[in-house]
Number of protein chains: 2
Amino acid sequence: MNSNQYLQAAELHCERRGCKLTALRKQVLELVLRHEGVVKAYQVLADLQKERGAAAPPTVYRALDFLVEQGLLHRVDALNGFIVCDHFECQHESMILVCETCGKVQEVDVMAALNGLRDVAQAADFTLSHQNLMLTGLCKACRV
Amino acid sequence: MNSNQYLQAAELHCERRGCKLTALRKQVLELVLRHEGVVKAYQVLADLQKERGAAAPPTVYRALDFLVEQGLLHRVDALNGFIVCDHFECQHESMILVCETCGKVQEVDVMAALNGLRDVAQAADFTLSHQNLMLTGLCKACRV
DNA sequence: GGCTTGATGTTATACAGTAACATGCGTTCC
DNA sequence: GGAACGCATGTTACTGTATAACATCAAGCC
Ligand SMILES: [Zn+2]
Ligand SMILES: [Zn+2]
Ligand SMILES: [Zn+2]
Ligand SMILES: [Zn+2]
């Protein structure tokens, strides 16, 4: 799926969810798509300013929040950043793997494997909600 | 284990690891212990200032970093905060459960249950390192 | 037109974290 | 004792992250 296809699918996705992928939101999403891996809000802000002159933090944060809400992006807490989700259509629980060495990020589906954790949480009287985990480790290239 | 016992055990723990729980570090740890659940760096800073007048962010951050390194605290990325670990003696991988409603935090051991995730990661050519997960959900009281 | 609603613009500020350099203070070595 | 070292702490200043609060705008409805 290339960038244009993605944007089109994203637009449809939002409509189906009863909200609009406005021009601004689309532009922000596009800026995020241009990067590999994790992108930071202020990076997006800088890019946006290059394209449309004035722009302040709230503009970017609002758009990013919207995109996360729609499932188009995931927030990566540990890095204060965001990554694109390329399977936003399906309900999914994923594990976001961040390489400690090179910083590369990948997302893998993990619905089933989470059941073990759910059981443990339940045993502690705690009901896990929907999760997108962020875990660190070493990618193939960096493992040696 | 009460606060004093904890501090004493922490001191011993540091010594065994070849470093010192200095007066300052101990004081910071004590301030964190006073709170229930997640504490933020600037909250600790404010508390510290009440007790010893002047104090700047680096003072607190250095102490917190040290305590995390020694395993006495865990950092909670999603909340920019810290929690006390009350079983710092043993090598452990834990799951930190944060209630979405009341904010209460608990830590449960989860070594075994992580194996499922390890397998999935490995299938994606990714080697998970030691984890302390932070997951959200609902605690018993808030579940209704 | 007048009204409502949601998106965006604008300003200012709060919160989080770190770089860089100065100071103090025990330990070691002579 | 005194020089030299290593580490913890103090201090200043700054960068980076995020939000509050209020103003404006545009589309849809009556
Ligand atoms: Zn996803
Ligand atoms: Zn790597
Ligand atoms: Zn722990
Ligand atoms: Zn709760």
Side-chain angles (χ1 to χ4, degrees), chain A residues 10-11 14-32 35 38-70 72-83 98 103 134, chain B residues 10-11 14-15 17-32 35 37-70 72-83 98 103 134:
Chain A
E11 194 153 15
C14 290
E15 258 163 43
R16 276 203 277 257
R17 291 171 53 101
C19 52
K20 277 213 61 159
L21 186 66
T22 63
L24 173 65
R25 289 164 176 171
K26 196 172 191 170
Q27 187 178 9
V28 166
L29 180 52
E30 206 176 345
L31 291 172
V32 175
H35 293 264
V38 180
V39 195
K40 311 206 136 206
Y42 272 69
Q43 178 62 58
V44 175
L45 177 57
D47 294 351
L48 193 63
Q49 285 167 341
K50 270 178 220 145
E51 298 203 350
R52 63 159 57 192
T59 300
V60 162
Y61 278 102
R62 282 194 286 236
L64 291 172
D65 288 349
F66 171 85
L67 296 169
V68 168
E69 230 160 74
Q70 303 311 311
L72 297 166
L73 302 182
H74 295 300
R75 191 180 148 77
V76 184
D77 288 320
L79 305 175
N80 295 326
F82 301 84
I83 62 169
V98 180
M134 216 284 307
Chain B
E11 193 153 15
C14 290
E15 257 163 45
R17 291 171 52 100
C19 51
K20 276 215 62 161
L21 186 66
T22 62
L24 173 65
R25 290 164 175 170
K26 197 172 191 171
Q27 187 177 10
V28 166
L29 180 54
E30 207 175 346
L31 290 173
V32 176
H35 293 265
V38 180
V39 194
K40 310 204 137 207
Y42 273 66
Q43 178 63 58
V44 175
L45 177 58
D47 294 351
L48 192 64
Q49 284 167 340
K50 269 179 222 145
E51 299 204 348
R52 63 159 57 192
T59 300
V60 163
Y61 277 102
R62 283 195 284 238
L64 291 172
D65 288 349
F66 171 85
L67 296 169
V68 168
E69 227 161 78
Q70 302 311 310
L72 298 166
L73 302 181
H74 295 301
R75 188 180 150 76
V76 183
D77 287 322
L79 305 175
N80 295 326
F82 302 83
I83 61 169
V98 181
M134 215 283 307

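Throughout, protein chains are lettered first and strands after them, A, B, ... in sequence-line order, and every chain is numbered starting at 1.
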Roughly how many Å is it from [atom1] in [X] to [atom2] in [N], rounded to a whole number?
| X | N | atom1 | atom2 | answer |
| --- | --- | --- | --- | --- |
| B:Gln70 | D:dA8 | CD | C1' | 14 Å |
| A:Gln49 | C:dT10 | CD | P | 12 Å |
| A:Tyr61 | C:dT8 | OH | P | 17 Å |
| A:Leu21 | C:dA7 | CG | C1' | 13 Å |
| B:Gln27 | D:dA8 | CD | C1' | 15 Å |
| A:Arg52 | C:dT8 | CZ | P | 8 Å |
| B:Asp65 | C:dG17 | CG | P | 9 Å |
| B:Leu79 | C:dA16 | CG | C1' | 14 Å |

Of all the choices, C:dG17, D:dT11, D:dT17, which nucleotide is nearest to the side chain of B:Ala41 once you look at every atom? C:dG17
If you only use heavy atoms from C-beta on, which nucleotide in D:dT17, D:dT9, C:dT11 is closest to the side chain of B:Leu24? D:dT9
Supply the atom-to-atom distance [X] [atom1] to [Y] [atom2], rounded to the nearest 0.5 angstrom.
| X | Y | atom1 | atom2 | result |
| --- | --- | --- | --- | --- |
| B:Leu48 | B:Gln27 | CG | CD | 5.0 Å |
| A:Lys40 | A:Leu45 | NZ | CG | 13.5 Å |
| B:Leu29 | B:Gln70 | CG | CD | 11.0 Å |

Applying salt bridge (Lys or Arg N to Asp or Glu O under 4.0 Å) as the test, list every pair that has at least one member in residues 18-29 of chain A; sequence neighbours left out. A:Glu11-A:Lys26
Quick one: which residue pairs count as a salt bridge (Lys or Arg N to Asp or Glu O under 4.0 Å) with a foot in residues 49-58 of chain A, not counting sequence neighbours? A:Arg34-A:Glu51, A:Asp47-A:Lys50
Can you name the atoms? Protein N/O to nucleotides 20-22 of chain C N/O, anything below 3.5 Å, with the distance.
none

Report all side-chain donor-acceptor pairs from residues 60-67 of chain B shorter than 3.5 Å, counting only partners two or more places apart or in another chain.
none

Starting at the 5' end of DNA chain C, which residue's closest nucleotide do you reach first, A:Ala63 or A:Ala56? A:Ala63
Would you indicate, yes or no, if [N] has its OP1 or OP2 atom less than 4.0 angstrom from a side-chain nitrogen or oxygen of [X]?
| X | N | result |
| --- | --- | --- |
| A:Asn80 | D:dA18 | yes |
| A:Lys40 | D:dT17 | yes |
| A:Arg75 | D:dA18 | yes |
| B:Thr59 | D:dT9 | no |
| B:Thr22 | D:dT9 | yes |

Just call it for A:Lys20: base, sugar-phosphate, or nothing, with non-hydrogen atoms closer than 4.0 Å on any strand. nothing
Which donor-acceptor pairs under 3.5 Å do side chains of residues 73-80 of chain B form with protein atoms, sequence neighbours excluded?
from	atom 1	to	atom 2	distance (Å)
B:His74	NE2	B:His92	NE2	3.3
B:His74	NE2	B:Glu107	OE2	3.0
B:Arg75	NE	B:Asp77	OD1	3.0
B:Arg75	NH2	B:Asn80	OD1	3.3

Grab the two heavy atoms, one from B:Gly81 and one from B:Val38, that are nearest each other, plus how far apart they are. CA-CG1, 3.8 Å
Record whether the side chain of B:Tyr42 comes under 3.5 Å of the base of C:dA14 through a donor-acceptor pair of N or O atoms. no
Under-3.5 Å N/O pairs linking protein and nucleotides 4-6 of chain C:
none

Validation row: A:Val39, A:Leu31 side chains within 4.5 angstrom (heavy atoms): no
